[in-house]
Amino acid sequence: MPFKFFNFFKDNLNILNLANLINECINKIFLNKLKIKNFRNHKSFEIDLKEQRAIVLGCNGIGKSNLLESIEFISQLKSNRALSDKDLIENDSDMAVVFGQIDFRDDLKLNLFRKGPKRIYVNESILKKQSEIKNYIRSVCFCSNDIDIVRSEPNYRRIWIDKVVSQLEPVYLDLISRFNRLLKQRSHFWRSESFSRKQSSDIVESFDIQMSIISTRIFRRRRRALLKIKPYVEYWHNHLSKSKEQIGINYLSGIQNISPEEEEEEVISKKIAEQLFNQRSIEALTGKCNFGPHRDDIEFLINNISVRKYGSSGQQRTFILALKMAELDLLSKTLNVPPILILDDVLAELDITRQNLLLNSVGKDSQCFISATHLDKFNQSFLGSSQMIHL
Ligand SMILES: Nc1ncnc2c1ncn2[C@@H]1O[C@H](COP(=O)(O)OP(=O)(O)OP(=O)(O)O)[C@@H](O)[C@H]1O
Ligand SMILES: [Mg+2]
């Protein structure tokens with residue numbers, strides 16, 4: 001009898017493994033299948049994913065980042081690396097396809113055309129509202145360009161914070177696009193003839209009112225998100241650097257005479273409206289709106305010292321990793337499901353202690369993809385629990 005049971009158990013081991021995997025996927029986002037066609041340098045590639053951790057392994061230029069980019073693309077419908085979606089289509093092809101199956105249940109397909117907009121299908125029905133892809137798959141990605149968030153111009157930090165806020169509150173994207181539209185119309189107005197006409201002050205007045213309301217909403221949401229993410233950044237920074245340093249994250253806004261604690265929507269909006277009014281004469285000459293969410297910045301500090309200005313290359317890298325891991329934790333907590341974590345080129349420039357601390361922390365609660373050119377940097381326990389994707 002025991003022998004019979006053993007045989008039954010052995011025969012059904014695969015089914016049991018699958019069942020375990022499905023059980024594990026409840027309350028997680030698990031990409032269990034990925035197929036890509038004519039995506040960057042990949043003519044055709046297909047993989048079934050079985051482990052929480054996957055290492056994408058191969059030499060320089062083989063297509064590791066491209067593969068990870070396809071997962072980023074199907075989850076966020078944009079890529080951090082590509083200026084245009086068309087760059088993602090293999091150079092000699094007219095169309096690229098990314099297919100992913102989530103939790104052994106939902107089929108996501110993304111068709112990308114050289115001419116015309118991309119199309120997204122969920123379980124073979126077209127997704128009319130593309131932002132709804134978030135109901136099926138989400139990801140947090142780290143790639144080598146992300147160092148710009150800490151190191152480069154304010155624009156990178158604004159893009160980062162807008163991405164974080166929009167994941168937490170999807171309506172935020174609408175606020176940003178309304179603000180950008182207003183900014184464009186306002187600049188167009190100053191350059192046109194219409195502002196010399198009689199009714200021009202009514203038009204500017206209307207711009208000021210709309211811009212001050214929308215700017216206030218963006219300002220409050222960005223600041224709120226930074227407050228929420230800060231404890232996680234501090235935790236991850238201190239964990240990865242094995243230190244107990246004080247982290248500072250400050251929102252640097254151009255709004256004058258505003259206290260860091262000011263929360264009242266009406267007060268903030270009034271201050272912005274006043275400032276917009278006061279700068280009208282300069283704006284009429286330059287055609288540029290000199291302050292607002294499009295000019296704000298974020299300051300990252302370690303023990304009150306600017307990471308951007310004075311941080312070493314390794315410190316900046318640890319900080320950006322802490323930001324990304326904090327983003328993952330914050331999203332997991334807010335959404336109750338951990339997004340997929342994509343780590344491209346993450347191990348370069350990290351010392352061995354930091355590498356191990358990072359590797360030991362990823363792929364437990366969320367599915368994790370990590371690229372590497374060789375396996376020296378991975379410890380045995382990580383290798384033992386990872387699926388290898390050889391390119
Ligand atoms: N649209 C495209 N069509 C065809 N090939 C492309 C396209 N875009 C990029 N490539 C090619 O894909 C190749 C692989 O790039 P990728 O960045 O994925 O390599 P990698 O394995 O990550 O390398 P590394 O280890 O250096 O990071 C490059 O040689 C690049 O020229
Ligand atoms: Mg790469």
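Atoms within each ligand, like the ligands themselves, are counted from 1 in listed order.
- Residues near Leu252 contribute nothing to a hydrophobic cluster around it, because no ILVMFWY side-chain heavy atom sits closer than 4.5 Å to its side chain.
- The neighbour count for Tyr121 OH, taken as heavy atoms of other residues, nucleotides or ligands under 6.0 Å away, is above 12.
- Using a cut-off of 4.0 Å between Lys/Arg side-chain N and Asp/Glu carboxylate O, Glu283 and Lys288 are scored as not salt-bridged.
- Leu83 CG: 12 or fewer foreign heavy atoms inside a 6.0 Å radius.
- Within 6.0 Å of the CZ atom in Arg280, the count of heavy atoms belonging to other residues, nucleotides or ligands exceeds 12.
- By the criterion of a separation under 2.8 Å, the protein N/O/S atoms near the Mg ion (ligand 2) amount to Ser65 OG.
- Other residues, nucleotides and ligands place more than 12 heavy atoms under 6.0 Å from the CD atom of Glu265.
- His294 is linked by a ring-ring contact (aromatic ring centres under 6.0 Å, His included) to Phe179, counting only residues two or more places apart in sequence or in another chain.
- Listed by chain and residue number, the protein contacts of ligand 1 are Arg40, Asn41, Cys59, Asn60, Gly61, Ile62, Gly63, Lys64, Ser65, Asn66, Arg81, Asp87, Ile89, Glu90, Asn91, Thr373 (heavy atom within 4.0 angstrom).
- No option in Asp107, Asp106, Asp48 other than Asp107 meets the side chain to side chain donor-acceptor pair (under 3.5 Å) test with Gln101.
- Between the side chains of Glu299 and Asn250, at least one donor N or O lies within less than 3.5 Å of an accepting N or O.
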